[in-house]
Colleague: 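Quick one: the structure is below, questions incoming.
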Amino acid sequence: MKEKRAAPLAVMLLVMIYLLIPLAVSIVYSLFRKWTGVLPEGFRLDNYIALFTDGEFLASVGRSIAMCIVPIAATIVIVLLALFVTTIYFPKLEKYVQIICMIPYTIQGVILSVSILSLYVGSPTFLSNRLLMLMGAYCVVILPYIYQGIRNGMRAVHMPTLIEAAEMLGASKLYAFFRVVVPNILSAIIISSLLAVGIIFGDYVLIRNLAGTSAPNMQIYLYQTMKHDSTMASAVFVIIMLTTFIITLLVLLLQNKDTKRRQQQVKE
Amino acid sequence: MGYIHFENIHKDFGQNKVLKGITMDVERGHLVTLLGPSGCGKSTLLRCLAGLEEVTSGTVSLDGKDITHVNPRDRGIGMVFQQYSLFPNMSVAQNVAFGLNMKKVPKDTISRKVAEILKIVGLEDKAEQYPNQLSGGQQQRVALARAIVTEPKVLLLDEPLSAIDAKLRRNLQVEIRRIQQDFGMTTIFVTHDQDEAMVMSDVIHLFHNGLIEQSGTPTEMYTQPVSKFAASFIGNYNILSAADFQKASGEAVDCADVAIRPEIVRINLEVADESKRFHMEGEVVNSLSHGNLMRYTILCGGVEINADIMFEKSHLLEIGQKVRLSIRKTNVILLNS
Ligand SMILES: Nc1ncnc2c1ncn2[C@@H]1O[C@H](COP(=O)(O)OP(=O)(O)OP(=O)(O)O)[C@@H](O)[C@H]1O
Ligand SMILES: [Mg+2]
């Protein structure tokens with residue numbers, strides 16, 4: 001038994017080390033002045049202090065956050081409304097909605113950005129706005145994740161009966177949906193949007209191709225810093241990694257809480 | 001025309017004709033039961049009255065007004081569903097207050113009414129709990145409270161007790177009946193449990209394949225089934241074809257089938273001759289104890305007949321024992337459909 005376990009464990013450990021080394025090295029790089037011998041020398045927090053006092057960096061963080069919130073909020077509203085309409089009025093169309101929402105899984109970032117550019121860049125209307133294009137692209141990329149999350153949440157609450165019950169008490173269908181169904185799938189919505197945050201934070205291809213340097217976010221900032229100061233870049237990288245890590249942790253925690261609550265309900 | 005009137009209601013789901021011309025009246029203040037096997041269209045008729053389902057043809061009227069095409073929320077009808085019907089994100093009090101909030105009732109009236117109704121259903125100490133903290137029976141009482149607190153013209157109950165265990169079910173049956181009578185609330189109750197229908201109803205409508213097979217008071221339904229289906233669904237009738245009946249009793253009857261309730265069959269050990277009765281000779285082949293009743297199965301001329309006898313220790317029959325049955329002729333129901 002023990003021997004059987006040893007091999008996969010060793011592999012796992014190797015993979016972990018392989019993945020964590022860059023992060024560990026980056027942390028060390030960002031915190032020390034010199035690392036030529038065995039041990040790094042000259043501990044300092046300069047890089048971080050500089051970053052957090054640099055208006056451009058803070059602005060890039062702000063942009064990153066805004067570029068997360070807007071597409072996620074928009075996608076959630078679109079998916080909710082689509083699922084509301086299909087579940088209540090056209091149950092037969094649901095499978096098509098599902099197919100449409102799953103397509104982006106298969107599209108690569110490069111192809112997506114090139115297609116969007118070739119379609120809209122020449123448009124005389126607001127559609128040629130680079131930031132709008134980027135946010136639109138993000139909506140597409142996170143669509144499958146948001147859809148899956150919300151769909152799963154809805155399965156658990158028996159939406160048609162809840163809406164009918166509310167209707168019999170004098171509510172309209174739409175009111176019932178937002179007042180009775182949505183609060184019950186809130187945790188599913190939060191989990192899938194945090195997942196989407198992770199995806200958007202991890203993107204470089206889309207922002208590079210679509211927005212270029214016109215509105216640098218954290219990733220672009222990282223790329224530019226890398227060119228002139230590698231220890232500073234390490235600090236940026238560490239901050240991005242930590243943010244992503246915290247978000248992932250939050251997702252896991254919420255997911256755990258959610259399944260626990262469900263199990264509790266089943267027991268009762 | 002009754003308080004609620006269904007006129008020739010048809011309802012199709014695609015090719016599936018579910019309701020095939022239901023005409024039915026419900027009197028004000030009555031509790032009426034729709035009884036029938038699974039899939040016969042009981043819920044569908046209820047949902048047509050609620051407005052949750054659009055009728056294919058026919059009209060529904062309530063209190064003299066045609067409501068066939070009125071929006072569900074404007075019909076003034078309350079409904080309790082089989083399950084899942086409480087709002088999980090709201091406390092018991094918020095659930096009950098939901099309908100009053102929709103009606104824009106003033107806040108202080110709402111809290112007073114909610115407290116009152118929770119007291120009536122015996123849940124005044126659960127007001128701040130959430131549905132997942134309640135038992136099934138408590139949840140259904142909240143659903144009931146939520147439906148009647150808005151004082152609807154009609155209350156619809158679609159198998160509200162089917163997910164609840166037998167004992168609690170009895171209590172809730174009595175409780176629902178009491179509240180319904182206290183409020184004088186016109187109520188339609190759906191069930192496929194004949195005992196439940198017997199206990200609760202003023203009138204029972206027996207459904208069969210999208211049509212009403214028979215309507216009547218519980219006693220009428222029990223003692224005078226009009227068809228083979230009705231006799232097989234209500235009570236524990238012995239149903240014999242005319243030929244079988246002749247084999248067992250030696251007398252011819254002019255009908256298709258004969259229905260005999262087990263409790264009118266008398267078991268005698270000696271010959272008793274009476275021209276007012278049918279007589280059969282047979283042998284006990286099975287016995288089953290139903291608490292205070294013993295149900296014997298007796299084989300008479302190759303035909304099995306069930307007879308219910310009050311349990312008495314000194315009068316138990318043995319398997320294989322020869323007995324004579326006598327059945328009062330006027331109690332035998334002759335069926336032609
Ligand atoms: N929305 C629907 N779409 C298609 N068919 C339906 C729909 N609702 C009901 N039916 C069909 O109508 C028939 C009657 O259903 P209904 O729910 O009225 O039966 P019921 O008498 O209430 O049975 P049960 O005792 O099992 O609840 C069934 O054959 C069912 O498949
Ligand atoms: Mg039903």
Side-chain angles (χ1 to χ4, degrees), chain A residues 76 80 83-85 87-94 149-191 254 256-268, chain B residues 14 43 46-47 49-53 70-90 94-105 129-136 138-139 142-158 160:
Chain A
I76 287 173
L80 278 178
L83 281 174
F84 167 71
V85 173
T87 322
I88 300 298
Y89 297 102
F90 310 103
K92 282 186 190 135
L93 294 185
E94 206 180 299
I150 293 182
R151 183 66 265 219
N152 291 345
M154 274 187 183
R155 287 239 169 85
V157 298
H158 222 269
M159 166 166 152
T161 326
L162 283 183
I163 291 193
E164 281 179 356
E167 260 190 297
M168 293 310 296
L169 292 166
S172 72
K173 283 194 169 79
L174 201 65
Y175 179 88
F177 181 69
F178 281 105
R179 186 74 185 79
V180 175
V181 176
V182 171
N184 287 305
I185 54 175
L186 212 55
S187 63
I189 294 177
I190 292 174
I191 290 168
L254 279 173
N256 245 337
K257 224 175 91 186
D258 206 46
T259 37
K260 261 197 205 137
R261 211 193 61 202
R262 290 241 177 85
Q263 280 162 355
Q264 210 179 347
Q265 266 176 20
V266 172
K267 251 189 261 155
E268 280 161 357
Chain B
S43 297
L46 211 62
R47 292 168 58 80
L49 174 57
L52 298 173
E53 217 70 78
V70 174
N71 225 320
R73 62 192 149 119
D74 301 323
R75 293 190 182 200
I77 292 177
M79 186 157 177
V80 175
F81 297 82
Q82 190 170 339
Q83 51 192 344
Y84 297 121
S85 65
L86 293 185
F87 306 137
N89 56 316
M90 300 182 198
Q94 287 169 328
N95 262 282
V96 175
F98 189 90
L100 296 171
N101 279 322
M102 295 317 305
K103 281 184 154 185
K104 307 247 181 322
V105 175
Q129 309 239 308
Y130 282 81
N132 64 11
Q133 299 169 307
L134 303 179
S135 72
Q138 290 168 335
Q139 291 190 33
V142 177
L144 185 68
R146 185 179 69 177
I148 56 183
V149 76
T150 57
E151 296 165 24
K153 291 184 189 154
V154 180
L155 178 63
L156 308 180
L157 305 165
D158 190 356

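Side chains are part of it too, since the values below use all heavy atoms of this structure and drop only hydrogens, waters and symmetry mates. Just so we're on the same page: letters track the sequence lines, and every chain starts at 1.
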Colleague: Which atom pair, heavy atoms only, marks the closest approach of A:Ala171 to B:Arg73?
Modeller: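 In this case the closest contact between A:Ala171 and B:Arg73 is O-CD, 3.3 Å.
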Colleague: Which one of B:Arg146, B:Arg75, B:Met102, B:Lys103 has the most heavy-atom pairs closer than 4.5 Å to chain A?
Modeller: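 Heavy-atom pairs under 4.5 Å are most numerous for B:Met102.
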Colleague: Locate the shortest heavy-atom distance separating B:Ser85 from A:Leu162; write the atom from each residue and the value.
Modeller: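 Taking every non-hydrogen atom into account, O-CD2, 4.2 Å.
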Colleague: Suppose we screen for side chain to side chain contact (heavy atoms under 4.5 Å, CB included). Which residues come up paired with B:Leu100, at least two apart in sequence or across chains?
Modeller: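 Applying side chain to side chain contact (heavy atoms under 4.5 Å, CB included) to B:Leu100 gives B:Val105, B:Ile110, B:Lys113, B:Val114, B:Val149, B:Thr150.
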Colleague: State, with a plain yes or no, whether a side-chain heavy atom of A:Met168 is found less than 4.5 Å away from one of B:Leu52.
Modeller: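 Sidechains of B:Leu52 and A:Met168: in contact.
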Colleague: Which atoms form the tightest heavy-atom contact between B:Phe81 and A:Ala165, and what is the distance?
Modeller: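 Shortest heavy-atom separation between B:Phe81 and A:Ala165 comes out as CE1-CA, 3.6 Å.
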Colleague: Heavy atoms, side chains only, cut-off 4.5 Å: are B:Met79 and A:Glu167 in contact?
Modeller: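 No, every pair of side-chain atoms sits at 4.5 Å or beyond.
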Colleague: Applying salt bridge (charged side-chain N to carboxylate O under 4.0 Å, His left out), can you list everything that pairs with B:Arg47, at least two apart in sequence or on another chain?
Modeller: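 If we apply the salt bridge (charged side-chain N to carboxylate O under 4.0 Å, His left out) test to B:Arg47, skipping adjacent residues, the hits are A:Glu164, B:Glu53.
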Colleague: So does A:Asn184 get a backbone contact from the side chain of B:Asn89, meaning a donor-acceptor N/O pair under 3.5 Å?
Modeller: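 A pair under 3.5 Å: no.
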